[in-house]
Amino acid sequence: MEHKNQSPWLYQMSSAREGKGLTENVQTDVAIIGGGIAGVATAYFTLTCTKKSVVLLEMGRIAHGATGHNGGFLATYFERSFISLVKEFGLTLAAQGQRDVESAWELLESMRATAQLKTPVWIFTGYAAIATEEELLIHLQNLALRTQAGLEVAPLLVAEDAPAVERIPHAYQGMYKLVTGSELANLLEVKDSAYFAALPEKKGCTNSAALCEELVQYMLNTYPERFTLLEHTPVEEMQLGAEGVMVRSGDYTVQSRRVVLCTNGFENVRIVNAVGPDINKKFHHMVRGIVGYMAGYVEPSQHPPVEISFLPKSPRKGDDVYAEEPYFYVTRRPFGETEGKPQSLVSIGGPEALMDDTNDYKVDHDYPVRAKEDIDSFLRATYAKAHPEGETYKFLWHGLMGFTPNGVRLVGPEPLNPVLLYNLGCNGIGLMPSIFGGRKIARFLEEEVLPTSMFDPVDQRTPIARPTVPLRVVQDRSVNAASPDNRA
Ligand SMILES: Cc1cc2nc3c(=O)[nH]c(=O)nc-3n(C[C@H](O)[C@H](O)[C@H](O)COP(=O)(O)OP(=O)(O)OC[C@H]3O[C@@H](n4cnc5c(N)ncnc54)[C@H](O)[C@@H]3O)c2cc1C
């Protein structure tokens with residue numbers, strides 16, 4: 001049986017707005033392309049932190065891309081180990097990059113307070129569950145490096161009876177705390193004794209689609225003179241000059257001083273650089289797509305909100321924490337009421353498929369049966385609080401994520417023509433980095449001179465090797481919705 005792509009976030013979101021398109025030529029200070037969380041956050045900070053006018057162009061409707069089809073949990077870690085970031089950028093830049101992303105917690109709070117958002121955000125301690133000694137040592141090394149860099153750390157929790165305990169090098173004392181096996185199993189909500197350690201981290205969850213919709217409504221109400229929202233407006237071409245850009249959709253254009261690409265990397269926009277080397281080809285080599293598959297069921301509320309990632313049980317193939325094995329993650333949060341009784345939504349993600357040509361991805365592709373089966377077997381084997389066997393998933397959904405070659409987001413001006421800026425490349429965890437990116441773009445738009453950062457787009461002309469970091473994808477598990485072979 002085939003399943004439709006149905007996301008709980010879009011299911012919960014309501015919008016009475018009809019959505020207007022581009023029906024005449026317009027002028028603005030800043031054109032933002034893409035109305036997911038990156039574009040919405042960029043518009044928000046540009047409006048609140050500068051005096052510039054903004055036109056936000058979205059080819060469909062606000063937050064109906066990855067933002068409406070994601071896992072919905074908030075985190076500020078990278079899908080790469082801190083060790084590997086330090087190897088690539090050095091300790092100072094890597095630590096600053098980590099702090100930058102963590103600044104999104106405060107930015108999110110300030111947005112919620114300023115715009116008086118009603119969409120709930122739950123913040124809690126979540127966990128990464130560890131099942132191999134190799135993974136344990138890497139996380140301990142990460143913590144040691146983070147401590148050296150002056151970043152906040154919470155000690156790892158290790159089961160006192162785990163054989164690995166006696167082999168932990170003395171140098172990592174203070175980086176971990178022993179707990180009983182049953183304490184650990186309770187925290188991780190597992191029935192699988194393979195997991196013997198846990199990394200606690202600040203995490204949260206929200207409905208990012210509803211959050212974006214509310215923010216957009218706030219901007220429309222608060223900045224009617226400076227903010228224009230254009231939906232159903234696919235941008236086809238950008239012509240970059242020395243002083244400005246012409247953005248074209250259909251028969252009309254937006255003439256702007258700067259343009260910010262917040263398209264997650266998949267936009268079908270032709271970029272013409274009238275004052276320098278070709279950017280079009282470079283850009284289209286810069287991001288590749290991965291389709292992520294999620295499943296969710298609703299149950300009477302019995303437990304508080306949480307997010308737990310279950311790191312792979314097999315040895316890693318690459319030199320990074322997030323090896324090529326996929327890992328599953330479970331998020332639980334309140335989800336309305338049924339007959340006056342509070343309900344929770346439990347969402348599970350993990351299966352992914354690499355897409356060489358992201359044009360093959362369509363949001364209305366059926367959800368592959370294989371992905372649901374993978375999620376179900378994971379739940380049965382691992383998760384102690386799984387819903388009874390044979391019960392259905394109310395939601396099955398997929399979405400496209402943009403990965404940059406090194407797994408690090410791009411935030412800043414294009415070196416070949418700074419009229420163009422980027423806030424894109426979600427690399428798996430993109431909600432909080434998009435918010436940080438939005439604030440930083442507003443600073444660039446104010447012509448602030450900002451120190452070098454690991455998020456700076458660099459002048460890597462063709463060919464760009466990709467990916468340099470192992471992605472958490474198993475390519476031969478082609479649960480690719482585009483492939484008819486995977487339809488049951
Ligand atoms: C299954 C899945 C699970 C995920 N889980 C998590 C998670 O739990 N936590 C987390 O932090 N991140 C998660 N992510 C990543 C997160 O969803 C993304 O980082 C984030 O939503 C990306 O936001 P965005 O604004 O960059 O992209 P999008 O939300 O995709 O927005 C880009 C927008 O650009 C528009 N666009 C594209 N081309 C054009 C054009 N030519 N003209 C006009 N508009 C255009 C698109 O229509 C789209 O609306 C997940 C992603 C997926 C798919």
Side-chain angles (χ1 to χ4, degrees), residues 5 7 9-10 21-22 31-43 55-79 101 104 126 203-206 208-209 211-212 230-238 247-250 254 259-271 287 289-296 307 309 329-331 333 347-353 355 358-359 361 363 367 371 396-403 409-411 422-438 481:
N5 184 12
S7 140
W9 326 129
L10 294 174
L22 186 62
I32 297 173
I33 306 179
I37 187 133
V40 170
T42 305
V55 172
L56 174 58
L57 301 103
E58 162 56 48
M59 73 180 179
R61 294 181 57 204
I62 286 297
H64 278 56
T67 299
H69 291 268
N70 61 23
F73 81 88
L74 306 172
T76 49
Y77 59 81
F78 289 80
E79 294 273 53
V101 175
K203 293 184 184 173
C205 57
T206 190
S208 47
L211 193 94
C212 285
L230 300 171
E231 289 174 290
H232 312 292
T233 308
V235 170
E236 287 141 29
E237 187 174 85
M238 293 187 290
V247 172
R248 187 178 59 75
S249 175
V254 177
V259 61
V260 193
L261 262 190
C262 297
T263 50
N264 205 356
F266 318 106
E267 65 299 293
N268 291 314
V269 181
R270 196 163 86 89
I271 308 174
V287 184
I290 289 179
V291 185
Y293 298 92
M294 307 281 312
E307 192 279 341
S309 302
Y329 48 99
V330 175
T331 313
R333 90 272 304 284
S347 316
I348 311 98
E352 295 181 338
M355 290 219 111
T358 53
N359 290 323
Y361 175 78
V363 81
Y367 186 96
L396 292 164
W397 70 105
H398 54 76
L400 188 61
M401 323 182 222
F403 279 72
R409 192 173 187 81
L410 298 170
V411 184
Y422 306 111
N423 180 12
L424 55 78
C426 84
N427 297 300
I429 298 292
L431 297 176
M432 299 299 270
S434 291
I435 293 175
F436 143 71

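Source: prediction; values computed, not measured. Each ligand, and each atom within it, is numbered from 1 in the order the structure gives.
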Out of curiosity, [X] [atom1] to [Y] [atom2], how far, rounded to the nearest 0.5 Å?
X	Y	atom1	atom2	result
Leu10	Trp397	CG	CH2	10.5 Å
Arg270	Met238	CZ	CE	11.0 Å
Ile33	Tyr422	CD1	OH	11.0 Å

N/O of [X] under 3.5 Å from N/O of ligand 1, yes or no?
X	answer
Met432	no
Gly399	no
Thr67	yes
Ser434	no
Gly430	yes
Val269	no
Ile33	no

Show the atoms of ligand 1 that are less than 4.0 angstrom away from any heavy atom in Gly292.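 Numbered from 1, ligand 1 contributes 1 (C).
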
Residue Ile429 vicinity, atoms of ligand 1 by number, heavy atom under 4.0 Å: 10 (C), 11 (O), 12 (N)

Hey, is the main chain of Tyr293 close enough, under 3.5 Å, to the side chain of Tyr367 for a donor-acceptor pair?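 Checked: no pair found.
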
Between Asn5 (side chain) and His398 (backbone), is there a donor-acceptor pair under 3.5 Å? yes

Give the contacting part of [X] toward ligand 1: side chain, backbone, both or neither, where contact means a heavy-atom distance below 4.0 Å.
X	result
Leu400	backbone
Val291	neither
Pro234	backbone
Asn70	both
Cys262	backbone

I'd like the name of whichever of Gly428, Gly402, Ala63, Gly71 reaches closest to atom 5 (N) of ligand 1 through any heavy atom.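 Among Gly428, Gly402, Ala63, Gly71, the closest heavy atom to atom 5 (N) of ligand 1 comes from Gly71.
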
Considering only heavy atoms, which of Glu352, Met238, His69, Glu58 lies nearest to atom 35 (C) of ligand 1?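 Minimum heavy-atom distance to atom 35 (C) of ligand 1 goes to Glu58.
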
Taking a cutoff of less than 4.0 Å between a non-hydrogen atom of the residue and any ligand atom, is Leu424 in contact with ligand 1? no

Heavy-atom contact check, 4.0 Å cutoff: does Asn427 meet ligand 1? no

For Thr206, side chain to side chain donor-acceptor pair (under 3.5 Å) partners two or more places apart: none

Residues two or more places apart in sequence or in another chain: which of them pass side-chain contact (heavy atoms from CB on, under 4.5 Å) with Thr67?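 Thr67 satisfies side-chain contact (heavy atoms from CB on, under 4.5 Å) with Ile37, Ala63, Ser208, Cys212 once adjacent residues are dropped.
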
